[in-house]
Amino acid sequence: MRTIKRDAPILLEVNNLSTDFLVAGQEPAHALVDINFRLREGEVLGIVGESGCGKTTLMLSLMRLLPANGRITSGQINFMNNDLLDLSEREMGDVRWKNIAMIFQGAMNALNPVHTVGRQIAEAIIQHNYITDKKAVTDRVVELLELVGIGAERKDQYPHQYSGGMRQRAMIAMALACNPQVVIADEPTTALDVMIQAQILELLGTLRDKLGLSILFVTHDLGVVAEMCDTVLVMYGGVTAEYANVDTIFNAPQHPYTQELLRAFPDLTKPMEKLISIPGYPPRLNALPAGCRFAPRCPHAFGRCHVEAPPLHGVQDRHFASCHLVEPESNISPETPEFPGKSNEL
Amino acid sequence: MSEQQPIIELKNLRKLFPVNKTSLWEQEEKFVHAVDDVSFVLHPGEVLALVGESGCGKSTLALTLMNLETPTEGQIFFEGRDVTHLSGKPLQEMRRHIQMVFQDPYESLNPTMTIGDIVAEPLVVHRLEPNKQARQDRVVRALEDAGLKPASNFMHRYPHELSGGQRQRVVIAGALVLEPKVLLADEPVSMLDVSIRAEILNLLASLRETRGISVLFITHDLGTVAYFADRIAVMYLGRIVEMGGTLSVLERPLHPYTKALLSVMPVPNPRLRRERIILQGETPNPIDLPSGCRFHPRCPIAQPHCQQTDPAWREIEPAHWAACLEV
Amino acid sequence: MSDTAVSTTSIRGFWRSFRRSRMGLIGLFMFLVVVLMAVFAPAIAPYDPKEVVRVTIDDIYAAPSAEHWLGTDDAGRDVLSNFIYGSRVSLIVGFFASFISIFIGSFVGIVAGFYGGRAENILMRFTDIMLVIPDLPLAVVIVALTKPSLWNIIFVIGALGWTGSARLVRSQTLAVKQRKFVLRARSIGAGNMHIIRYHILPMVLPLIVVNTVLVISLAILNESTLSFLGLSDPTALSWGQMLNFAFTRGAMSARAWWALVMPGLGIVWAVLACTLLGQGLEQVLNPRLETHHLAVGVQMVDRGAEVQA
């Protein structure tokens with residue numbers, strides 16, 4: 001298994017981030033509650049959850065691109081020792097593409113159909129780097145396209161002349177235009193075929209190694225997480241269910257949701273085993289259960305789960321789960337959470 | 001099982017779509033080879049999985065089976081009867097027995113109709129059960145068989161009030177109400193949340209047990225197939241390249257395309273990060289097909305003769321077929 | 001998407017979203033005023049315009065007074081009463097002509113959009129031809145050649161005003177036809193008629209409703225124009241006819257502004273009412289108009305006192 005350098009510095013540190021959605025005439029909906037994680041240089045952090053678990057809200061909060069009724073109500077987003085939430089909109093605009101770039105799910109919608117791909121990448125370079133020398137810009141566009149495996153001769157083509165996989169590559173090239181340190185990849189392979197998905201995952205892996213990129217990989221596909229990620233944050237109903245390194249999540253999960261999710265996920269290496277589904281449906285934001293948000297679907301729920309939301313307990317060093325059942329094993333007080341990023345090796 | 005009369009049999013089915021590439025000087029007739037010489041049988045109570053990437057022709061094949069597209073060549077048999085060119089009443093009659101479950105439960109339900117009306121619609125279309133009470137009873141039975149219990153909770157609601165999994169159950173109920181013999185399920189779980197998928201798959205599997213329905217399961221995801229298909233057919237560029245029992249295809253894949261596809265399926269276990277065979281490039285355009293074996297330009301084990309000879313369909317192990325010169 | 005689905009499937013939900021559109025509410029109010037005026041004309045109007053009046057020279061273009069709040073016209077009739085009764089013709093023409101337009105337009109649009117192929121080609125080319133022929137001169141010619149009765153006018157306005165609706169309905173039909181539930185209906189074995197009735201029509205209907213309201217305003221305007229040009233049923237008093245009479249019978253030289261302003265105001269009022277109401281309905285019924293806004297920078301971060309704590 002790949003290991004991250006011992007002294008890799010922490011790039012992004014999110015502390016107790018909470019986001020509400022204001023609803024006219026009602027209590028605000030708590031879309032995110034106390035999210036904590038750390039992202040080191042060269043680390044791939046998988047953010048996993050089902051629809052409505054808050055993973056998209058988390059991404060948008062990090063980028064400060066929430067819809068008009070979204071409010072970040074508490075917490076810090078420290079990026080290289082600056083709290084992004086303290087920045088002015090203008091400074092944030094600079095951070096957005098130069099330091100933290102985003103790859104979207106639907107590449108067709110994110111590319112403008114009336115401009116050539118090369119021109120769209122050039123625009124990203126010019127806007128954020130203030131380069132005006134035409135030759136330098138063209139060289140950079142070619143360099144970026146080659147980096148993602150697109151021949152330079154295709155820079156003057158339009159998005160509709162690209163296949164789905166090529167478009168996603170072009171999106172990645174665009175995200176890399178300003179040499180960001182962190183790339184947020186929001187379901188980058190969801191609409192793609194498995195073979196193209198494998199190509200894109202391989203490309204992201206190569207880019208991480210080559211450029212030292214840190215990647216926040218948002219997905220619902222546990223298989224992709226197992227292949228790509230170093231650490232995993234499992235979200236459910238806007239809260240952290242479990243946070244640990246990838247091996248622990250898959251082989252020694254503590255939160256019942258993680259356990260059930262793994263049992264519900266088809267595994268090619270174990271055919272003919274019966275799939276177990278989790279009864280019920282993920283909670284809707286406007287109807288969150290009291291107490292633990294997973295309790296109504298949890299096979300191990302007991303009285304306390306329905307009234308009291310469990311805090312994030314440290315199960316072990318570098319392993320966190322928010323479940324009343326893991327509390328007795330806690331050896332780290334919840335007030336001073338020790339996050340995986342702080343240890344030497346993952 | 002094989003002595004039984006198959007419920008569906010395809011013989012050399014071919015579906016070409018003409019493309020107009022007319023220039024001012026020359027008019028060249030070209031075709032998209034969506035489905036090209038496909039034959040297989042589906043037995044009663046069997047689950048056959050049709051696996052392939054987008055553009056391999058699996059959805060066209062389903063539409064052709066439903067008689068929503070007319071085949072260019074070949075024959076379709078339903079319970080031994082040639083139904084390829086049926087029309088009018090006999091076609092209506094035949095359609096009752098083959099029902100389809102679509103990929104997108106958000107799109108395949110009319111948002112202006114109630115759940116009860118949606119499930120009753122097939123009965124209205126086929127003028128079955130003119131008695132209101134009897135119709136109602138059948139709708140209730142279909143909804144409850146699809147796991148929406150009690151049905152009275154759902155009858156008067158609209159699709160947008162239901163979750164994705166519940167909507168897919170409504171689609172299934174709408175198919176079950178006609179008591180079909182075959183279900184064509186086109187990627188029925190790919191739009192659903194992981195925790196819900198298993199329950200829809202298990203529902204489809206249980207329908208086979210309780211009602212003896214055969215399922216043709218069309219998907220790109222070998223992972224979900226592994227759980228309940230009896231046999232797997234792998235399609236590439238309009239053709240079936242490998243077909244066999246689920247376990248033998250998964251454990252001893254013969255065709256290099258199947259091998260590559262299996263190797264890149266993400267496995268939810270980080271300790272099993274395997275050597276992946278990543279095919280470069282993308283599936284070629286089905287208009288200008290490669291010569292010889294259609295897979296040779298991307299095949300990791302291609303030999304010179306693959307460029308000339310179109311491989312024949314051979315039974316390599318008992319009941320395990322493949323079309324490749326190198327196996 | 002799901003929000004708009006709520007609004008189109010239940011009347012209460014529809015009203016809830018419609019209430020949010022201030023323009024729509026104003027339009028609805030203005031529209032109701034005209035309708036009530038037309039319905040209760042005999043009760044509201046102080047005089048009956050058809051009544052034979054004995055006129056003296058002082059009654060012609062008499063200025064507003066306690067007896068005649070808005071003065072009298074060239075024949076000594078009460079302008080206010082004429083105005084109130086005139087709304088009836090405008091509304092009758094507006095409603096019936098727009099129903100004809102919408103009926104033809106929806107039929108052509110749905111047939112062209114749903115069946116495609118040659119039917120679509122022929123119908124849409126015909127629509128295009130109708131679209132480029134200027135309505136008004138054609139209407140003038142037809143009305144002039146036939147007897148300018150109320151029903152002739154309704155028919156002419158209706159028969160010329162459907163092109164816009166046909167194009168709109170066609171494009172919506174094309175969009176709905178692509179949706180998966182239509183494919184699902186086909187796979188059940190449903191025929192074209194069933195699909196149009198159960199799936200296409202209900203999805204196109206909101207658009208048709210919006211369009212009807214907008215076409216009403218066009219029809220009212222067209223009727224007024226024709227009447228103003230003197231091509232109206234002489235027995236049916238309408239706002240356009242009032243304008244025509246005032247214009248051709250010396251209201252200008254008599255400085256009788258009241259004879260011109262009131263019918264003009266009525267036309268503007270009715271047209272504006274329909275336009276606003278149509279826009280309000282469109283915001284509710286047409287999902288494509290929904291816009292999403294991003295919060296602006298700093299206001300998005302609202303950490304309150306928790307940071308210091």
Whatever's closer than 4.5 Å to a heavy atom in chain B on R297(A) counts as side chain

Practice problem: Could you tell me how the ring of H255(A) sits relative to the ring of F294(A): parallel (under 30°), tilted (30 to 60°) or perpendicular (over 60°)? | Solution: tilted

Checking E227(A) against R276(B) for the salt bridge (Lys or Arg N to Asp or Glu O under 4.0 Å) test, could you report, in this order, the C-alpha distance in whole Å, the side-chain angles of both residues, the deciding distance, and whether it holds? CA-CA 11 Å; E227(A) 305 239 330; R276(B) 291 181 291 178; 3.0 Å; yes

Applying side chain to side chain donor-acceptor pair (under 3.5 Å) to Q103(B) and not counting sequence neighbours gives S190(B)

Note: vs chain B, highest number of non-hydrogen pairs under 4.5 angstrom among L261(A), V194(A), N251(A), L262(A) is N251(A)

From the list D267(A), L222(A), I276(A), the residue making the most non-hydrogen contacts under 4.5 Å with chain B is D267(A)

So, the part of L201(B) with a heavy atom under 4.5 Å from chain A: the answer is side chain

Turns out that what part of A205(B) lies under 4.5 Å from chain A's heavy atoms comes down to neither

E43(A) versus T231(A), side-chain donor and acceptor atoms under 3.5 Å = yes

Okay, L262(B) and chain A: the region with an atom under 4.5 Å from a heavy atom over there is both

Scanning both residues in full, the closest heavy-atom pair of G54(A) with L32(A) reads O-CD2, 3.5 Å

Review point. Looking at F250(A), is R271(B) sitting on its ring face, NZ or CZ under 6.0 Å from the six-membered ring centre and within 45 degrees of the normal?
Key: no

If one checks every heavy atom of E260(A) against chain B at 4.5 Å, the contacting part turns out to be neither

The interface call for L203(B) against chain A, heavy-atom contacts under 4.5 Å, is neither

With chain A, the option among H220(B), M265(B), Q166(B) that has the most non-hydrogen atom pairs under 4.5 Å is Q166(B)

Bottom line for L250(B): the part with an atom under 4.5 Å from chain A's heavy atoms is side chain

Practice task
Apply ring-ring contact (aromatic ring centres under 6.0 Å, His included) to the pair H255(B) and Y236(B), showing each step before the final yes or no.
Solution key: CA-CA 11 Å; H255(B) 198 281; Y236(B) 183 77; 7.8 Å; no

